[in-house]
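Accompanying notes for the structure given below.
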Amino acid sequence: MSQMSILPLLNRIAASQRIDDAWDRATGYFAALGFGRVNYGFTRFKHLKTIGDPDDALFLTTCDADYVKRYFQGSFYAKTPVFRWAEHNSGICTWSWVRRALEAGKLSAEEAEAVRQNAAMGIVAGISVSYPEVLSRSKGALGLIADQGISTEDVENIFAEKQEEILAVANMMHLTIVHLPQLSRHRALSPRQREALEWVADGKTTQDVALLMGVSPAMVEKHLRLAREALAVETTAQAVAKGALLNMIFQRIPEVAQAAR
């Protein structure tokens with residue numbers, strides 16, 4: 001794809017109204033390059049060496065269910081050297097350094113075992129993107145797993161030719177995703193719960209919100225209580241802050257996305 005022809009793709013990604021749309025458009029491009037398996041993670045709640053509550057983080061993948069269970073739910077990702085590289089770096093790199101470090105005995109026992117387990121699954125080559133930490137507790141990273149039959153040398157050749165394109169698509173996808181509502185069944189808010197939180201964020205009292213929403217103060221309290229429960233926080237102020245961080249309030253939520261929840 002030439003520099004000029006990639007511009008429409010970047011525009012389509014930027015115009016996405018749902019996370020899934022931005023994801024599908026970007027991963028379609030990566031698959032065409034030989035990276036059909038893609039992992040992406042982003043959190044706004046990083047603390048020391050943890051990503052915070054996994055339910056607050058966003059994980060996206062094109063891999064199969066067995067891999068997802070092992071990699072994400074089993075926290076296998078945290079043992080891999082490429083994850084630890086992403087923790088401490090920003091930018092893009094191929095995984096050739098992992099092979100060199102393994103052969104030189106420079107990986108920890110846990111990292112070396114993770115590399116061997118990946119190799120047993122046919123995961124031997126790829127590219128990682130680690131995004132700059134714009135917010136103090138945020139972190140995002142992207143992993144492109146080379147298709148079966150594509151060697152580390154093949155990846156180096158692809159990287160040499162397409163590095164800027166890959167990074168442009170990866171960056172546009174990330175910037176689009178982090179500004180879109182992060183919707184999930186774990187953190188779902190109803191339209192009325194969102195509205196109540198938005199009025200509270202505007203500085204309205206419970207009585208004010210009741211008048212504005214045309215309901216009783218007791219109903220407002222119920223909406224706020226359910227919002228707190230959905231967001232796993234103790235106070236309404238915390239719910240407002242967390243809802244804003246997850247782009248769940250003051251956002252236009254696509255009707256399709258609302259119906260899906």
Please check: side-chain N/O of [X] versus main-chain N/O of [Y], any donor-acceptor pairing under 3.5 Å?
| X | Y | result |
| --- | --- | --- |
| T61 | C63 | yes |
| R25 | L9 | no |
| D147 | G36 | yes |
| T176 | A22 | no |
| E161 | I158 | no |
| N247 | V178 | yes |
| S16 | R12 | yes |

- Item | salt bridge (Lys or Arg N to Asp or Glu O under 4.0 Å) assessment of E229 paired with R225 | CA-CA 6 Å; E229 291 175 0; R225 174 177 57 80; 3.3 Å; yes

Using a 4.5 Å cut-off on heavy atoms from C-beta on, say whether the side chain of [Y] contacts that of [X].
| X | Y | result |
| --- | --- | --- |
| W85 | T80 | no |
| T27 | F35 | no |
| Q207 | P217 | yes |
| F59 | V68 | no |
| Y67 | I145 | yes |
| L231 | L197 | yes |
| V38 | W23 | yes |
| L142 | N39 | no |

For [X], give me all partners under side-chain contact (heavy atoms from CB on, under 4.5 Å), at least two apart in sequence or on another chain.
| X | result |
| --- | --- |
| L245 | R44, F45 |
| E156 | T94, S96 |
| D66 | D64 |
| D202 | W199, K204, F250 |

- Residues which pass side-chain hydrogen bond (donor to acceptor under 3.5 Å, both in side chains) with D208, listed by chain and number, not counting sequence neighbours: T205

- Would you mind listing every salt bridge (charged side-chain N to carboxylate O under 4.0 Å, His left out) that reaches into residues 105-119, with sequence neighbours excluded? R84-E110, R84-E111, E113-R116

If hydrophobic clusters are built by linking Ile, Leu, Val, Met, Phe, Trp and Tyr wherever their side-chain heavy atoms come under 4.5 Å apart, do [X] and [Y] end up in the same one?
| X | Y | value |
| --- | --- | --- |
| L226 | V240 | no |
| L7 | L175 | no |
| F42 | M173 | yes |
| L224 | L211 | no |
| L167 | V169 | yes |

- Please lay out, stage by stage, how D21 and R18 fare under the test side chain to side chain contact (heavy atoms under 4.5 Å, CB included). CA-CA 5 Å; D21 295 335; R18 301 185 311 141; 3.0 Å; yes

Closest approach of [X] and [Y], non-hydrogen atoms and distance?
| X | Y | answer |
| --- | --- | --- |
| V129 | A170 | CG2-CB, 4.2 Å |
| S90 | P132 | OG-CA, 3.5 Å |
| A196 | V209 | CA-CG1, 4.3 Å |
| A112 | L107 | N-CB, 4.1 Å |
| T43 | A57 | CB-CB, 4.1 Å |
| V115 | P81 | CG2-CG, 3.7 Å |

- Task: Kindly determine whether I166 and Y29 satisfy side chain to side chain contact (heavy atoms under 4.5 Å, CB included), including the steps that lead there.
- Result: CA-CA 9 Å; I166 292 170; Y29 166 80; 4.0 Å; yes

- Residues which pass salt bridge (charged side-chain N to carboxylate O under 4.0 Å, His left out) with R192, listed by chain and number, not counting sequence neighbours: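 Partners of R192 by the salt bridge (charged side-chain N to carboxylate O under 4.0 Å, His left out) criterion, ordered by chain and then number, come out as E195.
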
- Task: Check the pair L60 / I19 against side chain to side chain contact (heavy atoms under 4.5 Å, CB included), numbers first and verdict last.
- Result: CA-CA 10 Å; L60 300 174; I19 287 176; 3.8 Å; yes

- Item | Summary of side-chain hydrogen bond (donor to acceptor under 3.5 Å, both in side chains) pairs that have at least one residue in residues 121-133, sequence neighbours excluded |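 Counting only pairs at least two positions apart or across chains, the side-chain hydrogen bond (donor to acceptor under 3.5 Å, both in side chains) contacts touching residues 121-133 are W95-S128, S130-K139.
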
- Note on the structure: Here the side-chain hydrogen bond (donor to acceptor under 3.5 Å, both in side chains) pairs for residues 211-224, sequence neighbours left out, are T206-E221

- Sequence neighbours excluded, the answer for ring pair (Phe, Tyr, Trp, His ring centres under 6.0 Å) partners of F30 is none

- Would you please name every residue forming a ring pair (Phe, Tyr, Trp, His ring centres under 6.0 Å) with F159, sequence neighbours left out? none

If you round to the nearest 0.5 Å, how far is [atom2] of [Y] from [atom1] of [X]?
| X | Y | atom1 | atom2 | result |
| --- | --- | --- | --- | --- |
| L144 | R37 | CG | CZ | 11.5 Å |
| Q193 | E198 | CD | CD | 12.0 Å |
| R228 | K242 | CZ | NZ | 13.5 Å |

Would you give me the side-chain donor-acceptor pairs under 3.5 Å for residues 98-105, sequence neighbours excluded?
residue	atom	partner	partner atom	Å
R99	NH1	T152	OG1	3.0
R99	NH1	E153	OE2	3.4
R99	NH2	E153	OE2	3.3

